[in-house]
Each structure stands twice: as structure tokens, then as C-alpha cells.
Participant: 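Right, I'll just put the structure down here and ask away after.
In listed order, ligands and their atoms are each counted from 1.
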Amino acid sequence: MQLRTGELALMRQLALQLTGVALDESKGYLIETRLGAIAERLGCNNFNEFYFRTRYQADPKLLEEIVEAITTHETIFFRDGAPFEALQFKLLPEVIDARERMGQNKRLRIWSAACSTGQEPYSIGMVVHELLRSLDGWDVQILATDIAKPTLETAQRGVFAEHDVARSQKPLLMQKYLEKTPGGMRVVDSVRRLVQFRQLNLLEPFGAHGPFDIVFLRNVLIYFAAETRLDIARRVAGTLLPHGWLVVGAAENLLDAGPQFAPQTHCRATVYQPAVQPVAPAGRR
Ligand SMILES: C[S@@+](CC[C@H](N)C(=O)[O-])C[C@H]1O[C@@H](n2cnc3c(N)ncnc32)[C@H](O)[C@@H]1O
């Protein structure tokens, strides 16, 4: 189905309303292929008809399908490497110390917001395992959320194609924490049991989720307009404990989010500790 005059704007509006994703002008092809197929199946003659159908008569299943089609789910185990090094050698050790000071030792709460098909929260689980060795006596919860329901169902199954697993730059950890299964490679139970998957649209209130020691909010802010990006970053920061860390994607930064988001570099990863205010230079305190 081809976009006619004015319909690209209508489809961009639909994407924005459902997900916050700001599709730019160059995404006409993506809309024609991904949304066009759904529109044709529904018997719509054009995108204009499709828009009004989705806005005024849509059933939740159809909206889920549209959200799945609009969003990009590209991910990989240990994506970009550095954030997971920072997690293991800086963030988690400091969080564990802070928890001890709070009198809540052996408890960890981590959130992978926009987890896609699950490789990110499972990678976090593997790092936790590596660091703590035995999880005996530990209360570890990794909350993994995404807006796209079919994507979350894939995540929850925890079974990945061998070629997908082979793309990871951590082959030893892949060997250790995934086992062969008829459908591919399955994440071992001791990691799976750390992760809970929930559907959550970052545009909406986060409800009772939190507070967290660490939030991974990676490779999702890039899809939003500036105002939405800042609003989400600030609300996510609000779910962090005072010692908590925020990790965003390599192509994302929060330089325009104010002094609360002073970037720090650890293990070549940029991370933020938004509740800890940067110390003012001497003479200006
Ligand atoms: C490119 S993936 C990033 C996956 C993982 N965080 C990583 O860095 O590899 C982006 C994910 O953001 C999700 N997403 C897009 N808009 C969202 C929204 N409004 N709320 C929650 N998740 C959203 C998509 O469904 C997709 O799975």
C-alpha cells in the first residue's frame, strides 16, 4: 500500500500517540511495508482509512500488532560491552556497599527498561552471577519491561537462535549460561529466575515499580522527541535509590537534562548517578 499526500503525517501521529516513537520523514518505506501489510489485511483501502480504524474501532490485539510493527527490536547479548564491564566492576560493587550501609545487604533491584527480546536483562543476570558466584541468601530481582507484547513473549521464553548467541562478544559467558535445546540455545534457569518480564509503556506512569539500584535505559531514548526523552529520563531517575545508577545507550546522552545528569565515565561507559548532586566548585557552595 502506498502513502498518499498527508498520510505520512497521519501515520507519524499514530506512532507518536501509541509509543512516543518519532518517525522521521525518511520512514515512509517502513510504514508502507510494515503498517501497509496490516492495513491491507484489515481491508482498508488507504492509510487514511487505517488511521481512523485504529483510532476509533481498534481492539487491543490490533494495537499490539501495530506497536510491534512500529518499534525496532534490534539487540544482542552484552551489547556494546562497556556498560556491562562498568556494571561488574564499578556499579554493582558500589551498590552492594551502599545496600550494606542501609542495613539491606544481599538485596539488589535492577530494571532493564525497554528490554526488547531479553538479551539485555539476561546479560545483566549473567554479570550478577559472575560477581556474586553463589546467589545463596541473595534477593536479586531484575525487572525487564517493554511496550511490545510479542517481543516480551520471545524474551520470556529465553530461547535464542544459535547465530544470535554467536554475535555476542562474550563467548565464554554464552557457553556458561546458555544450553542447547531443540529450538536453539536456552538461558539457564539460575539466570532466568532472576528476571521478571512485564509490559510497560515508558510514556505512562511507572506505577509501583521501584525503587532500583540500577536502571538500564538503553537504545530507546533515541526514538523519542527531545521533550519526551527528557521527561522519561527524569521519571526513570525518580525511581532510583539515592545511590542508584542510570545507564543509557552509547548513542544517547543526557547533556541537556540538567546538572542532575552529570555524566561519569567508568570502564569506558558513560553512566549517571542522578540523585547525587555534583559538588559545586569551592567558593560557590
Ligand atoms: C532497540 S531496542 C533496545 C533493546 C535493549 N535495551 C538494547 O539496548 O539492546 C528498543 C526497544 O524499545 C522498545 N520501546 C519503544 N518505545 C517504547 C515505549 N514507549 N515504552 C517502552 N518500550 C518502548 C521497543 O519495543 C524495543 O524493544
Participant: So what's ligand 1 close to, N/O to N/O, under 3.5 Å?
Facilitator:
unit_1: ligand 1; atom_1: 6 (N); unit_2: A114; atom_2: O; d: 2.8
unit_1: ligand 1; atom_1: 6 (N); unit_2: E120; atom_2: OE1; d: 3.2
unit_1: ligand 1; atom_1: 6 (N); unit_2: R218; atom_2: O; d: 2.9
unit_1: ligand 1; atom_1: 8 (O); unit_2: R79; atom_2: NH1; d: 3.4
unit_1: ligand 1; atom_1: 8 (O); unit_2: R218; atom_2: O; d: 3.3
unit_1: ligand 1; atom_1: 8 (O); unit_2: N219; atom_2: ND2; d: 2.7
unit_1: ligand 1; atom_1: 9 (O); unit_2: T75; atom_2: OG1; d: 2.6
unit_1: ligand 1; atom_1: 9 (O); unit_2: R79; atom_2: NH1; d: 2.8
unit_1: ligand 1; atom_1: 19 (N); unit_2: T19; atom_2: O; d: 2.7
unit_1: ligand 1; atom_1: 19 (N); unit_2: N201; atom_2: OD1; d: 2.9
unit_1: ligand 1; atom_1: 20 (N); unit_2: L202; atom_2: N; d: 2.9
unit_1: ligand 1; atom_1: 22 (N); unit_2: I147; atom_2: N; d: 3.4
unit_1: ligand 1; atom_1: 25 (O); unit_2: H73; atom_2: NE2; d: 3.3
unit_1: ligand 1; atom_1: 25 (O); unit_2: D146; atom_2: OD1; d: 2.6
unit_1: ligand 1; atom_1: 27 (O); unit_2: D146; atom_2: OD1; d: 3.4
unit_1: ligand 1; atom_1: 27 (O); unit_2: D146; atom_2: OD2; d: 2.7

Participant: Under the ring pair (Phe, Tyr, Trp, His ring centres under 6.0 Å) rule, collect the residues that match up with F216, sequence neighbours excluded.
Facilitator: F84
Participant: May I ask you to check whether F160 and F77 place their ring centers less than 6.0 Å from one another?
Facilitator: yes
Participant: In terms of ring plane angle, is the pair F50 and F47 parallel, tilted or perpendicular, where the classes change at 30° and 60°?
Facilitator: perpendicular
Participant: If the condition is side chain to side chain contact (heavy atoms under 4.5 Å, CB included), which residues does E204 pass it with, not counting sequence neighbours?
Facilitator: N201
Participant: With D24, which residues qualify under salt bridge (Lys or Arg N to Asp or Glu O under 4.0 Å), at least two apart?
Facilitator: K27
Participant: Judged by atom type as modelled, is there a donor-acceptor pair below 3.5 Å linking the side chain of T33 to the main-chain atoms of L30?
Facilitator: yes
